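Note sheet for the following structure.
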There are 2 protein chains.
Amino acid sequence: METLHELMAETCRILAHPARIRILHLLASGPCEVGTIALALGVSQPNASQHLAVLRGAGLVEAGRDGREVFYRLSDPGVLDACDAMAAVMRRRLARIADLSARLAGDAEPRGGGPADGRGPGAPLPRSA
Amino acid sequence: METLHELMAETCRILAHPARIRILHLLASGPCEVGTIALALGVSQPNASQHLAVLRGAGLVEAGRDGREVFYRLSDPGVLDACDAMAAVMRRRLARIADLSARLAGDAEPRGGGPADGRGPGAPLPRSA
DNA sequence: TCGATGGATGCGCACGTGCGCATGAGTGGC
DNA sequence: GCCACTCATGCGCACGTGCGCATCCATCGA
């Protein structure tokens, strides 16, 4: 963990889990307690606490006490911008897949239904592309 | 892999490796062959090929043949925006750590040298914060 | 047709990560 | 002082991932 790329990869790794993404979006609308977060995510309390610990270790969220409860909040709302950028990449990727799928369905219709998962169209380089 | 958050997390997971980040930045300046990429990254050819396969599976890069060589190129340059957003989050995090470290060094100077790694200052909630 | 080169794939191992579970630590109410 | 509640932590297991290594496939030149 020393180069720029390693730090960027580490930041990505923190976000590489649906539960943590959901936590960030949940905290986007205001601070929240651990129990509420666990309930909203449908996970166990220790599990939510672990994910929160990861996010806190990365400095993406901050914690504070309010009586017996511990509330978490975003320490850098800008992380949502990163999520949006990631979602944009994902949407464009899905759009390309859908487009490719439609194009294939136009040429011939050998497939049952699924719009492939991105691995199909990007096969193993069948011929000089 | 069905909800929006799961797709976003998957996209993040693809970027959660320094080598893949470096590959994307390398391809930002134009298409490149596998051997060149492996050499630039200082990794073995099979290793580079595997990372490229991951990126291709995610639809972030595309491959094509040019004689015996296979060149890869970015299929969506917008992924660099996502990297930038991630880097921005990371920079702000480092800035907060540096600021906190400097603040601690101002109060007292119990530490030898390292500006902590973000886990120190975010200790286990010592008291009502 | 054969050898050489560039790339992809299969295999095995080591490591990290996520989760459930039980338990410990901190706080407020009685 | 004791109990109830909320959250954090330690432990063990299952799984995924990254890597080196050897090997196979595709293409080009002789």
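Not measured: the values here are computed from a predicted model. Below, chain A is the first sequence line, B the second, and so on; all start at residue 1. We use all heavy atoms of the structure for the numbers below, so side chains are in, but hydrogens, waters and symmetry mates are not.
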Under 3.5 Å donor-acceptor pairs involving side-chain atoms of residues 45-52 of chain B, not counting sequence neighbours:
unit_1 : atom_1 : unit_2 : atom_2 : d
N47(B) : OD1    : H51(B) : NE2    : 3.2
H51(B) : ND1    : R20(B) : NH1    : 3.2

Side-chain donor-acceptor distances from residues 21-30 of chain A under 3.5 Å, at least two apart:
unit_1 : atom_1 : unit_2 : atom_2 : d
R22(A) : NH2    : A40(A) : O      : 3.3
H25(A) : ND1    : I21(A) : O      : 3.1
S29(A) : OG     : L26(A) : O      : 3.0

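A search for side-chain hydrogen bond (donor to acceptor under 3.5 Å, both in side chains) contacts involving D66(A) returns nothing, not counting sequence neighbours. With sequence neighbours excluded, the residues forming a salt bridge (Lys or Arg N to Asp or Glu O under 4.0 Å) with D76(B) are R92(A), listed by chain and number. Applying the side chain to side chain contact (heavy atoms under 4.5 Å, CB included) criterion to A85(B), with sequence neighbours excluded, gives A82(A), A85(A). Every residue meeting the side chain to side chain contact (heavy atoms under 4.5 Å, CB included) condition with P31(B), not counting sequence neighbours, appears here in chain and number order: F71(B), R73(B).
Listed nucleotides: dT6(D), dG6(C), dA8(D). Nearest to the side chain of E69(B): dG6(C). In this structure, of dC7(D), dG7(C), dG26(C), it is dC7(D) that holds the atom nearest to the side chain of E33(A). The listed nucleotides are dC7(D), dT9(C), dG7(C); the one nearest the side chain of V70(A) is dC7(D). Distance from the side chain of Y72(A) is smallest for dA8(D) among the nucleotides dT27(C), dC7(D), dA8(D).
In this structure, the CZ atom of R68(B) is 12 Å from the C1' atom of dA30(D), given to the nearest Å. Whole-Å rounding puts the D66(A) CG to dT6(D) P distance at 13 Å. Put simply, CZ on R65(B) is 8 Å from C1' on dG6(C), counting in whole angstrom units. Q45(A) has its CD atom 7 Å from the C1' atom of dA8(D), to the nearest Å. Distance I37(A) CD1 to dC7(D) P: 9 Å, rounded to the nearest Å.
The closest donor-acceptor contact from the side chain of T11(A) to the backbone of M86(B) lies at 3.5 Å or more, if one exists at all.
The shortest distance between side-chain heavy atoms of R96(B) and D99(B) does not fall below 4.5 Å.
Using a 4.0 Å cutoff on non-hydrogen atoms, no part of residues 22-29 of chain B comes near DNA chain D.
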Detail all sub-3.5 Å separations between protein N/O atoms and N/O atoms belonging to nucleotides 15-21 of chain C.
unit_1  : atom_1 : unit_2 : atom_2 : d
dT17(C) : OP1    : R13(A) : NH1    : 2.8
dG18(C) : OP1    : R20(A) : NH1    : 3.3
dG18(C) : OP1    : R20(A) : NH2    : 2.7
dG18(C) : O3'    : H17(A) : NE2    : 3.4
dC19(C) : OP1    : H17(A) : NE2    : 3.4
dC19(C) : OP2    : N47(A) : OD1    : 2.9
dC19(C) : OP2    : H51(A) : NE2    : 2.5
dC19(C) : O5'    : N47(A) : ND2    : 3.4
dG20(C) : OP2    : S44(A) : OG     : 3.3

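Residue pairs satisfying the side-chain hydrogen bond (donor to acceptor under 3.5 Å, both in side chains) criterion with at least one member in residues 34-43 of chain A, sequence neighbours excluded, are listed as follows: E33(A)-T36(A).
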